[in-house]
Amino acid sequence: MEDAYTISYMTSLLTFYIKSEFSFSRNMIVFKRPNTVLRFFPVGATQSSLPVTQLTSVSTSFRFNLGRFVLGWILAAVGIFMKVEGATPLQRLVIALAFLAVAAAMVIKAFETTLTIQATSYKDINISFFVFEKDKAYRIESLINRLISERLDDTNMTDQTDRLVDVIKSLKS
């Protein structure tokens with residue numbers, strides 16, 4: 001694996017400009033999530049480092065949240081058919097567009113991919129991805145599995161012993 005590799009992804013559709021990221025190196029995985037004010041303005045980040053030696057497994061799952069899907073469509077209908085007394089046409093349009101934006105985000109969020117990383121402390125780290133970013137969740141899972149596999153190969157005593165025996169045999173010859 002290269003020295004360092006980074007994958008970034010969206011944390012929210014409404015704040016598409018705010019990204020979280022995973023950085024990989026041979027011995028460490030760093031997960032960085034932005035902190036926000038009112039969920040719209042980035043102000044710093046929270047960073048977690050996970051040593052590869054502390055990882056036991058990683059998995060992805062895809063699920064569909066029917067409640068969120070239905071609620072999104074209800075909000076869309078409310079936004080379209082809502083009558084606001086005393087509001088100008090422009091105010092009605094702004095209110096309708098706000099409802100539709102939230103509704104669209106809810107409908108899209110109903111399709112969710114979750115990446116679960118298990119550590120030796122038996123703590124699960126769950127990270128959600130949008131349906132549009134699903135391929136990044138699978139890439140991260142593949143990279144973490146490769147790091148775990150490389151670590152297990154490095155610590156495999158049978159392989160180490162075989163290498164030692166081969167060196168001793170070559171010295172005797």
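Here the structure is a predicted model, which means the values were calculated and not measured.
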Closest approach of [X] to [Y] (non-hydrogen atoms, all atoms of both residues):
{"X": "Met106", "Y": "Gly72", "result": "CB-CA, 3.9 Å"}
{"X": "Thr113", "Y": "Ala137", "result": "CG2-CB, 3.9 Å"}
{"X": "Tyr17", "Y": "Pro42", "result": "CE1-CD, 4.2 Å"}
{"X": "Ala45", "Y": "Asn35", "result": "C-ND2, 3.5 Å"}
{"X": "Gly79", "Y": "Phe99", "result": "CA-CB, 3.5 Å"}
{"X": "Glu141", "Y": "Ser59", "result": "OE2-CA, 3.5 Å"}

Is the NZ or CZ atom of Lys109 both under 6.0 Å from the centre of the six-membered ring of Phe130 and within 45° of that ring's axis?
yes
Donor-acceptor pair between [X] and [Y] side chains, under 3.5 angstrom:
{"X": "Ser20", "Y": "Thr11", "answer": "no"}
{"X": "Thr114", "Y": "Asn126", "answer": "no"}
{"X": "Thr6", "Y": "Glu21", "answer": "no"}

Side chain to side chain contact (heavy atoms under 4.5 Å, CB included) assessment of Arg146 paired with Ser149:
CA-CA 5 Å; Arg146 196 160 100 203; Ser149 176; 5.6 Å; no
Using a 6.0 Å cut-off, check whether atom CZ of Phe62 has over 12 heavy atoms from anything other than its own residue.
yes
Tell me if the CZ atom of Phe16 is crowded by more than 12 foreign heavy atoms within 6.0 Å.
no
Measuring from [X]:[atom1] to [Y]:[atom2], what's the distance to the nearest 0.5 Å?
{"X": "Leu115", "Y": "Ser128", "atom1": "CG", "atom2": "OG", "answer": "9.5 Å"}
{"X": "Ile95", "Y": "Leu93", "atom1": "CD1", "atom2": "CG", "answer": "10.0 Å"}
{"X": "Met10", "Y": "Lys19", "atom1": "CE", "atom2": "NZ", "answer": "6.0 Å"}
{"X": "Lys136", "Y": "Leu143", "atom1": "NZ", "atom2": "CG", "answer": "13.0 Å"}

Applying a strict under-4.5 Å side-chain criterion to I, L, V, M, F, W and Y, I'd like to know whether [X] and [Y] cluster together.
{"X": "Leu50", "Y": "Ile7", "answer": "yes"}
{"X": "Val102", "Y": "Met82", "answer": "yes"}
{"X": "Val58", "Y": "Val52", "answer": "yes"}
{"X": "Leu147", "Y": "Ile127", "answer": "yes"}
{"X": "Phe111", "Y": "Val70", "answer": "yes"}

Do [X] and [Y] come close enough that some side-chain heavy atom pair is under 4.5 Å?
{"X": "Val131", "Y": "Ile108", "result": "yes"}
{"X": "Gln118", "Y": "Leu55", "result": "no"}
{"X": "Thr88", "Y": "Gln91", "result": "yes"}
{"X": "Lys134", "Y": "Phe129", "result": "no"}
{"X": "Ile18", "Y": "Thr36", "result": "yes"}
{"X": "Ile140", "Y": "Phe24", "result": "yes"}
{"X": "Asp124", "Y": "Ile117", "result": "no"}
{"X": "Ile148", "Y": "Thr56", "result": "no"}

Look at the aromatic rings of Phe22 and Phe31 and report parallel, tilted or perpendicular, splitting at 30° and 60°.
tilted
Flag, side chain of Arg92 to backbone of Ala87, donor-acceptor distance under 3.5 Å
yes
Could you walk me through whether Thr46 and Lys32 pass the side chain to side chain contact (heavy atoms under 4.5 Å, CB included) test, one step at a time?
CA-CA 6 Å; Thr46 300; Lys32 191 163 124 182; over 6 Å; no
Asn65 vs Glu112, test: side chain to side chain contact (heavy atoms under 4.5 Å, CB included). Steps then yes/no.
CA-CA 8 Å; Asn65 186 325; Glu112 185 175 67; over 6 Å; no
